[in-house]
Structures are given as structure tokens and as C-alpha cells.
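Input: a single structure, listed below in C-alpha cells.
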Amino acid sequence: MKGFRTFLLRGNVVDLAVGIVIGAAFTALVNGFVKAFLTPIVGLVSGATGNFSARSFHASGVTFPYGTFIDATISFVIVAAVIYFLVMLPMNRMQERFFPKATGAPMRECPECLTAIPAAAKRCSACTAEVPPTVVAQGGPADLGK
């Protein structure tokens, strides 16, 4: 029981649960906004009157409720846009600011295909042309006598 309690009280499990609850509430809010405001606007623009989400067409005795699909599509686009612009972009900027990327190995261009390759490479990974290395790789013959 102690291990289970420790698992439940770990920060990432609680954070995940809070995120799911907030996400569900936000989705309900967006769906309400779409049904109350955007669906009637789409209905007016398309010439439909009343509730656009109730629009459908019939073919061979089968009903296709395309209005419901359009509502769901609008809701998805709004949720995705909000998540991207209000969550992902600020988080990426914060990570770039506080955790800058380390400068990797020095790069150079392959003389044959102009693809960026590591300076210590002996062969291009794109065109497989042999290229003389410009930097001695660590652990190579130059390091044996040291």
C-alpha cells in the first residue's frame, strides 16, 4: 500500500490528472462556444437557418449529419490553436531561454553534394563520397601516445 500511495503522490501523476481535468473542462468550453456562436455564423454564411449542426443529407436511405462533423472540426481547430499558441510556443521559448541548445560538433559542407557533415567525417552521409577529415577525431591515432 505504501508503494501505491507513493506512486499516486508523485508530482507527475498529480500534474497529469490536473491536466486531464483542465483539458476536459476547456474542451467543454470550446464546444459550447462553437455551438453557441460559430455554428450559427457558419449557418448564416452557408445559407442555412437555425442550428447548422442539425444539417444533414440523405442518400439511399442513409443520413449523413455533416453539420455535426463541421462543429467537431471547428472545435478541434480552436483547441489545437489555443494549445499551440498559449501552451506550446511559450513553453518552447522558455526552454530555449533557460536550456539553450549546446553547440554540437563542428560542421562543414561536403565538397560533392554540399550537405552539412561533421568536420571529423571521412565519408559524406548523403552522397557517400570520401572526404578528408579536417579535425582529428578524439580517441584516434593522434591520442594514442598521450
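Given the structure is predicted, the values throughout are model-derived calculations rather than measurements.
Applying the side chain to side chain donor-acceptor pair (under 3.5 Å) definition to pairs two or more places apart or across chains, none involves residues 81-90. Pairs engaging residues 17-30 under the side chain to side chain donor-acceptor pair (under 3.5 Å) rule: none recorded [sequence neighbours left out]. Within the structure, side chain to side chain donor-acceptor pair (under 3.5 Å) pairs that include any residue of residues 87-97 do not occur (at least two apart or interchain). Within the structure, the side chain to side chain donor-acceptor pair (under 3.5 Å) test picks out the following pairs touching residues 111-132 (sequence neighbours left out): Arg123-Glu130.
With Arg108 contributing its side chain and Ala120 its backbone, the two residues share no donor-acceptor pair below 3.5 Å.
Environment of CZ in Phe26: crowded, with over 12 heavy atoms of neighbouring residues, nucleotides or ligands closer than 6.0 Å. In Phe64, the CZ atom is crowded: over 12 heavy atoms of neighbouring residues, nucleotides or ligands sit closer than 6.0 Å. Within 6.0 Å of atom CE in Met88, 12 or fewer heavy atoms from other residues, nucleotides or ligands are found, so the atom counts as exposed in its surroundings.
Separating the CD1 atom in Ile78 from the CG atom in Leu29 is a distance of 10.0 Å, to the nearest 0.5 Å.
Shortest non-hydrogen contact noted between Cys124 and Cys127 is SG-N, 3.5 Å. Heavy atoms only, all atoms of each residue included: Pro65 and Ser56 are closest at CA-CB, 3.6 Å.
Cluster membership check: Val21 does not share its hydrophobic cluster with Leu16, using side-chain heavy-atom separations under 4.5 Å among Ile, Leu, Val, Met, Phe, Trp and Tyr. The same ILVMFWY cluster, assembled from side-chain heavy atoms under 4.5 Å apart, contains both Val82 and Leu89. Under a hydrophobic clustering in which Ile, Leu, Val, Met, Phe, Trp and Tyr are joined whenever their side-chain heavy atoms come within less than 4.5 Å, directly or via other members, Ile74 and Leu86 fall into the same cluster. Cluster annotation: Val77 and Ile83 are assigned to distinct hydrophobic clusters (Ile/Leu/Val/Met/Phe/Trp/Tyr, side-chain heavy-atom contacts under 4.5 Å, transitive). Taken together through direct or relayed side-chain contacts under 4.5 Å among Ile, Leu, Val, Met, Phe, Trp and Tyr, Phe76 and Ile22 form parts of separate hydrophobic clusters.
Two residues are said to be in side-chain contact when any heavy atoms from C-beta on lie closer than 4.5 Å; Pro106 and Pro118 fail this criterion.
Counting Ile, Leu, Val, Met, Phe, Trp and Tyr side chains that sit under 4.5 Å apart, directly or through other members, Val131 shares a hydrophobic cluster with Ile117.
In summary, of the residues considered (Val30, Val34, Asn31), a side-chain contact (heavy atoms from CB on, under 4.5 Å) with Val79 occurs for Val30 alone.
Evaluation of the side chain to side chain contact (heavy atoms under 4.5 Å, CB included) rule for Phe98 yields Met94 as partners, not counting sequence neighbours.
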